[in-house]
Amino acid sequence: MKRKLGVQLGVTFAVLVSFLFAAPTQSYQVEAAKTKTEKKATIKRTANKKITVKVKKYIDGDTTRFKLKNGKNVTAQYLLIETPEIKKDYPYAQEAKDRSRELLKNAKKIQIEYDKGSKRDKQKRELVYVWADGKLVQETLANEGLAVARDTKGKNKKYLDQIQTAEKKAKEQKQNIWSIENYAQAGKGYSQAAVDAHKKALKEAEAAKKAEAERLKKEQEAKAAEEKRAAKQAEADRKAEEKRAAEQAEAARKAEEARVAQEAAAQQAAAAQAQAQAEAEAQQQAAAEPAQGQTVYVTPTGSKYHTHKCGNGTYTPATLEEAQARGLEPCSKCF
């Protein structure tokens, strides 16, 4: 039993040893070979000769990391220009980086070119001109007011004149970096004091903008409140006018009803009065007129008949029929 256990332990130990000291895997060998090749790759820094490259990383407006055809990656500093520092949060730094990215990203062919002077700076960055589809990127950035021209005071001057000409045009037109007073310093770089003053002005402008926005907001709120109050008052006035008109119409209606009723009552009273008067007159007339067979008095020569002896003379009694038969008229004093 002990012997069998010892054999098993021996086999396990042998497997572990073979695994630890086995030859590297194929993928490991490929990666190691690649790293070795990159370390051994060299750069031919020949002046006035363009080298085709690809972008590896965009760092800022005047610094880009390129990949050469031999697989080596290099950090390139654009010759004869300086763009604002992104790390210092300088104005137009991001715009310069974005423009460099745009020019290179849209280019079908990117090339770098060394000049006759120094090929690398103190940070071991490659000092080169950068071309995008045959156009000098340094010149484009200077022309658009996104970089200042910087003379290296050495032999790297091949395109200095055309970059400075582009810079002059942008400066005259006050484009971008040249729009801020005393910010861009031709041949020197950028003024920190101008940056501070610009940031202060921006801060004040932003504060003023916010204050103005707040003022306008309050003004609009006050206007809205006034419009709401006016609308409410107008609605109240409209309702009051409607109520007044309704009350006036109701009063007029009642007055008209009262007038009509009063007029009807007056007409009824007048009709009743007229009827009563007619009845009274009829009664008077009936009372005044002698009844048939009534005794009346007449004179031998008179033309009237009387109810009594109403004057001098001889009155003879007669019946109404006899008086009327003689053509006598009733006496106006008696009847």
Side-chain angles (χ1 to χ4, degrees), residues 174 179 198-335:
K174 294 185 178 181
S179 65
H198 176 66
K199 288 183 177 179
K200 181 180 178 182
L202 287 178
K203 188 175 181 180
E204 291 174 350
E206 183 64 22
K209 183 179 179 181
K210 287 183 178 179
E212 178 63 12
E214 186 65 23
R215 185 191 68 80
L216 289 175
K217 181 182 178 182
K218 289 182 178 180
E219 186 177 286
Q220 290 173 353
E221 288 175 349
K223 183 179 179 182
E226 175 59 23
E227 289 176 351
K228 185 176 180 181
R229 185 203 64 77
K232 188 176 180 180
Q233 182 62 44
E235 180 65 14
D237 292 344
R238 183 187 66 77
K239 289 183 178 180
E241 178 61 20
E242 287 181 352
K243 183 179 179 181
R244 185 196 65 78
E247 290 176 348
Q248 186 176 7
E250 181 65 15
R253 184 187 66 78
K254 288 182 178 180
E256 179 64 15
E257 287 179 352
R259 184 192 68 77
V260 170
Q262 186 177 5
E263 186 175 294
Q267 290 176 352
Q268 290 177 356
Q273 184 178 0
Q275 184 178 359
Q277 184 176 356
E279 291 176 352
E281 289 178 352
Q283 290 177 357
Q284 289 179 357
Q285 184 176 0
E289 290 181 357
Q292 294 296 324
Q294 181 181 353
T295 299
V296 294
Y297 294 92
V298 297
T299 62
T301 57
S303 60
K304 307 285 185 183
Y305 59 86
H306 309 272
T307 59
H308 60 283
K309 296 177 181 180
C310 64
N312 297 323
T314 303
Y315 289 88
T316 303
T319 64
L320 177 60
E321 289 80 1
E322 290 175 346
Q324 290 176 343
R326 288 172 54 185
L328 301 178
E329 295 292 331
C331 174
S332 59
K333 293 181 180 180
C334 295
F335 294 96

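Source: prediction; values computed, not measured.
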For Glu204, salt bridge (Lys or Arg N to Asp or Glu O under 4.0 Å) partners two or more places apart: none

Decide yes or no for Lys203 and Lys199: does some side-chain heavy atom of the first lie under 4.5 Å from some side-chain heavy atom of the second? no

Selection residues 211-223 - residue pairs positive for salt bridge (charged side-chain N to carboxylate O under 4.0 Å, His left out), sequence neighbours left out: Glu212-Arg215, Arg215-Glu219

Residue pairs fulfilling salt bridge (charged side-chain N to carboxylate O under 4.0 Å, His left out) with at least one residue in residues 256-271, sequence neighbours excluded: Arg253-Glu257, Glu256-Arg259, Arg259-Glu263

Determine, for Glu241 against Arg238, whether the closest basic-nitrogen to carboxylate-oxygen distance falls under 4.0 angstrom. no

More than 12 heavy atoms of other groups within 6.0 Å of Lys174 NZ: no

Tell me, yes or no, whether the heavy-atom count around Gln262 atom CD, taken from other residues, nucleotides or ligands under 6.0 Å, exceeds 12. no

Spacing of CG belonging to Leu202 relative to CD belonging to Glu206, to within rounding of 0.5 Å: 9.0 Å

Please tell me whether Gln248 and Arg244 have a donor and an acceptor in their side chains that are separated by less than 3.5 angstrom. yes

